[in-house]
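Read the structure below first, then the notes.
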Amino acid sequence: MGRPDVVARPSSEAEVSSAVRIASRHGVPVVAWGGGSGTQGGSVPVHGGLVIDLTGLDRIVEIDERSYTVTCEAGVNGDRLERELNACGLMFPHYPASSQWATVGGYVAARGSGVLSTRYGKIEDLLLSLRVVLASGEVIETVPVPRHAVGPELTQLFVGSEGTLGIITQVTLQILPLPAVRRFATVRFPTIGAGVDSIRRTLAVGVRPSVIRMYDDEATRLALSPVVGEPLDGVCTVLCFEGEPGSAEAEEATTLALAHDSGATALDPALAETWWNRRYDFYVPPHQPVLPSVWGTIDVVAKYAKIEGVYEALRAAVKEPFADVDLQLRMHFSHWYAWGTMIYARFVVPDGGGGPEAVELHDRIWAEGLEAAFSAGGVMNDHHGVGLKLAPYMERQHGASLQAMRRIKRALDPDGILNPGKLGL
């Protein structure tokens, strides 16, 4: 289980199409592989078959500096794309933690997000169009702009589809000039509720910080403090403002004034700048857990009217019942929208042992946490994808609408060869 029968390494879209046509003719399962950095098992070939390694599709086709777009093949590595854009004074304002390994096709297929999402949006907001190989081997290209009135937005159908509806071979993305300045601030809110309300009001008046990372007390002590190298406690929040000097300064002033009104105290801005410079350190040892720890990230999102209830429900379902195994629950809020925000709930059992008991413990924590989030009005995923891990919960999340998704799947992939077993499809 989880091993392919054969791997193809195409270097062109035509070769991807040819491989899929052959697989279709023989009813062979096909799984697209990009950087392999996903956490949900979305690219694991659970039925064997053919894995198509897309990293050979690595051309940056066009950097359109007038339109601020870049067109590139799906196998282009995220860090490499950023370096090449930066050399032109440009950026792709995405910056996921996986950029060292991930590919742009994977960004889109998993409906991912990056640390600048509060200002610039998630991947679906930065995507203009796609080229996709369907299960038949046919190649389609979507409308070249994302705002139009020539029917439904077909591009978005493939965003988050994790290779179950087609294999993405080329993307056109929004890019921007590098900001003239980045300004940093750090505050401590008296409570989670005060922090959520302050940021909610900040976004409602049109201010868009590029980074808002609000840590609860446990996450401040166990995650933020070790990375920035300072002992901190409470609900600490790192902020970044970017753009032209005047506008960045004005956005900072408005955000901090509203934070002060909510009872926040200002901390050293250098803490936030250190966070920015070390933002990827959270995901590597010694800050990332290692075996024999048991860990996972329950990533949930909700509207502002529900989010505090979801936070409390997660604490009640995960933190307290698993205290006997010394579970740590480090929660932060890192992607903010006009209507709500998400919770990155990292649980860690420092000595989880091993074998079937550790797997059972891991799965039980996930099940309890997700049911609590559902019951409190949360949605089970903001940006990590579904894959294998969350596929069993898709019916609970979508209800009858999952059947509509399955009908779309059957229409585009009647023989069910594309990434079978994923997304509950």
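In this chain, numbering begins with 1 at the start of the sequence shown. Quantities reported herein were computed from a predicted structural model and do not represent experimental measurements. Values below: every heavy atom of this structure, side chains too, minus hydrogens, waters and symmetry copies.
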Do R208 and E251 sit within salt-bridge range, that is, some charged N less than 4.0 Å from a carboxylate O? no

Just wondering, more than 12 heavy atoms not from H260 lying within 6.0 Å of its NE2? no

State, with a plain yes or no, whether a side-chain heavy atom of P29 is found less than 4.5 Å away from one of P420. yes

Main chain of E244, side chain of S247: is a donor-acceptor contact present, judged purely on distance under 3.5 Å? yes

Check E360 with R364, please: is the shortest side-chain N to carboxylate O separation under 4.0 Å? yes

Just checking, any donor-acceptor pair under 3.5 angstrom between side chains of T55 and D53? yes

Decide whether H384 and T39 meet the rule of one side-chain donor and one side-chain acceptor closer than 3.5 Å. no

Determine yes or no for a side-chain-to-main-chain donor-acceptor pair under 3.5 angstrom, with T202 supplying the side chain and S198 the backbone. yes

Is there a donor-acceptor pair closer than 3.5 Å between any side-chain N or O of T142 and the backbone N or O of L130? yes

Where V301 and D382 come nearest, the two heavy atoms and their spacing: CG2-OD1, 3.8 Å

T118 OG1 to L203 CG distance, which is reported to the nearest 0.5 Å: 7.0 Å

Establish, from distance only, whether the side-chain atoms of E242 and Y120 form a donor-acceptor pair under 3.5 Å. yes

Minimum heavy-atom separation for Y280 and P96, please, with both atom names. CE2-O, 3.4 Å

Taking atom CG of L126 and atom CG of L173, what is their separation to the nearest 0.5 Å? 7.5 Å

Please identify which of these residues, T103, I168, V76, I167, meets the side chain to side chain contact (heavy atoms under 4.5 Å, CB included) condition with L54. I167

Can you classify the ring geometry of H332 versus Y344 as parallel (below 30°), tilted (30 to 60°) or perpendicular (above 60°)? parallel

Is it true that the side chains of N277 and E273 contain a donor and an acceptor less than 3.5 Å apart? no

For a quick test of reading the model, state the closest non-hydrogen atom pair linking S117 to H335 and the distance between them. OG-ND1, 2.5 Å

Nearest 0.5 Å, what's the OG1-CZ distance between T164 and R406? 12.0 Å

Please round to the nearest 0.5 Å and tell me the distance separating atom CD of Q40 and atom CG of N381. 6.0 Å

Least distance between heavy atoms, A376 atom then A313 atom: CB-CB, 3.9 Å

Under 3.5 Å: donor-acceptor pair, side chain of D197, backbone of G193: no

Decide yes or no for H383 and R111: does some side-chain heavy atom of the first lie under 4.5 Å from some side-chain heavy atom of the second? no

Just do the salt bridge (Lys or Arg N to Asp or Glu O under 4.0 Å) check on R131 and E73 with the steps written out, would you? CA-CA 9 Å; R131 289 179 64 87; E73 292 181 321; over 6 Å; no

Any side-chain donor-acceptor pair under 3.5 Å between R201 and S262? yes

Would you check if the side chain of K422 reaches a backbone N or O of A391 as a donor-acceptor pair within less than 3.5 Å? no

With distance as the sole criterion, is a donor-acceptor pair present between the side chains of W275 and Y215 under 3.5 Å? yes

Checking E153 against H148: is there a side-chain donor and acceptor pair closer than 3.5 Å? yes

Does a sphere of radius 6.0 Å around NZ in K306 hold more than 12 heavy atoms from other residues, nucleotides or ligands, not counting ones at 6.0 Å or beyond? no

Does R183 come within less than 4.0 Å of E252, counting only side-chain N to carboxylate O? yes

Does E124 offer a backbone N or O that forms a donor-acceptor pair with the side chain of Q156 under 3.5 Å? yes

Any chance you could measure K303, atom NZ, to T341, atom OG1, to the nearest 0.5 Å? 14.5 Å

Could you measure the distance from the CG atom of D413 to the CD1 atom of I408? Nearest 0.5 Å is fine. 13.0 Å

Are side-chain N/O atoms of T220 and D233 paired as donor and acceptor at under 3.5 Å? no

I'd like to know if K122 pairs up with D125 as an ion pair, taking the criterion as any Lys NZ or Arg NE/NH1/NH2 lying under 4.0 Å from an Asp or Glu carboxylate oxygen. no

